[in-house]
J.: 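Take a look at this one; I'll ask things after.
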Number of protein chains: 2
Amino acid sequence: MVTKQDADLSRADSLAREIFSDVANKWAFLIIETLGDRTLRFSELRDAVEGISHKMLTQNLRMLERNGLVEREVHPTVPPRVEYTLTEPGQGLRATVDSMCGWTQRYLADIEAARGRFAR
Amino acid sequence: MVTKQDADLSRADSLAREIFSDVANKWAFLIIETLGDRTLRFSELRDAVEGISHKMLTQNLRMLERNGLVEREVHPTVPPRVEYTLTEPGQGLRATVDSMCGWTQRYLADIEAARGRFAR
DNA sequence: CCGTATCCCTATCGATACTG
DNA sequence: CAGTATCGATAGGGATACGG
């Protein structure tokens, strides 16, 4: 028999999985890392996140906004001015991204060595 | 002038970026989380990582192996038996993935709520 | 059992152009 | 300046088959 708890669990699981799929990608991580605790304009972000295209930036910002990880603030001036800031959940995820950055620094040499070995 | 240190830094940066691109994807994360501190066979992994295809699994395992995050052990029996285990750098990354899993659990409700709001 | 290769379709991505 | 839309090119990814 499938209980209500089971249903809730599997729903939570699939939601978690979905969030994972959304968020576990390099652009999202780089955007979150770049934002940090600052507030940045769209164009500032585009310049700061090396190699990201206009399209990828908007796409990922929408995704992050949809999941409530960034707040989007529109100043109805001309020209328009749109600013992005990490929300509290966003800051929480930032801790994860930070830990990955730390990991990368820590094991950079090991990884490079592993790559060298793998070439053979 | 571009000093040697500058060159080293930018090389380290681009390598770090490359590793980031490799590893910051959902399948890699799910594989790492699934492996944990266990040793699993290819087929066990495929069954354990929900929804992953044969192809994605091999592809990601090669990538992880190339970066020295998993160790691949081949038992030359018949039928063959191939086992995968996280290396020390792999375990390090696992901490990051764990932190992301914790984050997902923690903010699941907030995120769901944000999604509801965004629908409007 | 595990791995690679092939086919084939789809989603992704960059470039460009256009609107408010 | 910020955002959307469109269009090709290309990479991602599933299904399948076959080799070790």
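Just so it is clear: chains get the letters A, B, ... in the order the sequence lines come, proteins before strands, and each one is counted from 1. Keep in mind it's a predicted model, so treat the numbers as computed, not measured.
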J.: Roughly what angle, to 10°, lies between the helix axis at the start of the helix from C:dC1-D:dG20 to C:dG20-D:dC1 and the one at its end, five pairs per end?
T.: 40°
J.: Would you say that A:I19 contacts B:L108 through its side chain, given a criterion of any heavy-atom pair below 4.5 Å between the two side chains?
T.: yes
J.: Is there a side-chain contact between B:Y84 and the phosphate of C:dC2, meaning an N or O under 4.0 Å from OP1 or OP2?
T.: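 Result: no.
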J.: Counting only heavy atoms and a strict 4.0 angstrom limit, can you tell me which residues of residues 40-73 of chain B come near DNA chain C?
T.: B:R41, B:F42, B:S43, B:H54, B:K55, B:T58, B:R62, B:R72
J.: From A:Y107 OH over to B:L93 CG, what is the distance, rounded to the nearest 0.5 angstrom?
T.: 10.0 Å
J.: First contact, last contact: which nucleotides of DNA chain D are these for chain A, 5' to 3', heavy-atom distance under 4.0 Å?
T.: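 Here the contact window of chain A covers D:dC1 to D:dC7.
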J.: Kindly compute the distance separating CG (B:L61) from CG (B:L45), expressed to the nearest 0.5 Å.
T.: 6.0 Å
J.: Which ones in residues 74-82 of chain B lie close to DNA chain C, meaning a heavy atom under 4.0 Å from one of its atoms?
T.: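 Output list: B:P79, B:P80, B:V82.
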J.: Can you list the residues that meet the salt bridge (charged side-chain N to carboxylate O under 4.0 Å, His left out) rule with A:R81, with sequence neighbours excluded?
T.: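 A:R81 satisfies salt bridge (charged side-chain N to carboxylate O under 4.0 Å, His left out) with A:E83 once adjacent residues are dropped.
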J.: So if you build clusters from Ile, Leu, Val, Met, Phe, Trp, Tyr with side-chain heavy-atom gaps below 4.5 Å, do A:V78 and A:V82 land together?
T.: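 Different clusters.
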J.: So how far is it from A:L30 CG to A:N60 CG, rounded to the nearest 0.5 Å?
T.: 9.5 Å
J.: Of all residues at least two apart in sequence or in a different chain, which pass the ring-ring contact (aromatic ring centres under 6.0 Å, His included) check with B:F20?
T.: none
J.: Kindly write out the residues that satisfy salt bridge (charged side-chain N to carboxylate O under 4.0 Å, His left out) with B:R72, not counting sequence neighbours, or none if the list is empty.
T.: none
J.: Can you find a side-chain donor-acceptor pair between A:N67 and A:D22 that sits under 3.5 Å?
T.: yes
J.: So how far is it from B:E65 CD to A:F118 CZ, rounded to the nearest 0.5 Å?
T.: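 Going from the CD atom of B:E65 to the CZ atom of A:F118 covers 4.5 Å.
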J.: If a pair satisfies side-chain hydrogen bond (donor to acceptor under 3.5 Å, both in side chains) and one of its residues is in residues 94-103 of chain A, list it, with sequence neighbours excluded.
T.: A:Q91-A:R94, A:T96-B:S99, A:S99-B:T96
J.: Which pairs count as ring-ring contact (aromatic ring centres under 6.0 Å, His included) when at least one residue sits in residues 67-94 of chain B, sequence neighbours excluded?
T.: none
J.: Taking salt bridge (charged side-chain N to carboxylate O under 4.0 Å, His left out) as the definition, give me every residue that meets it alongside A:E18, ordered by chain and number, with sequence neighbours left out.
T.: B:R115
J.: Does any pair with a residue in residues 34-48 of chain B pass side-chain hydrogen bond (donor to acceptor under 3.5 Å, both in side chains), and if so which ones, sequence neighbours excluded?
T.: B:T39-B:T85
J.: When rounded to the nearest 0.5 angstrom, what distance separates CD in B:E33 from CG in B:L86?
T.: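 Here the interatomic distance stands at 10.0 Å.
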J.: Which of residues 17-38 of chain B have a heavy atom under 4.0 Å from DNA chain C?
T.: none
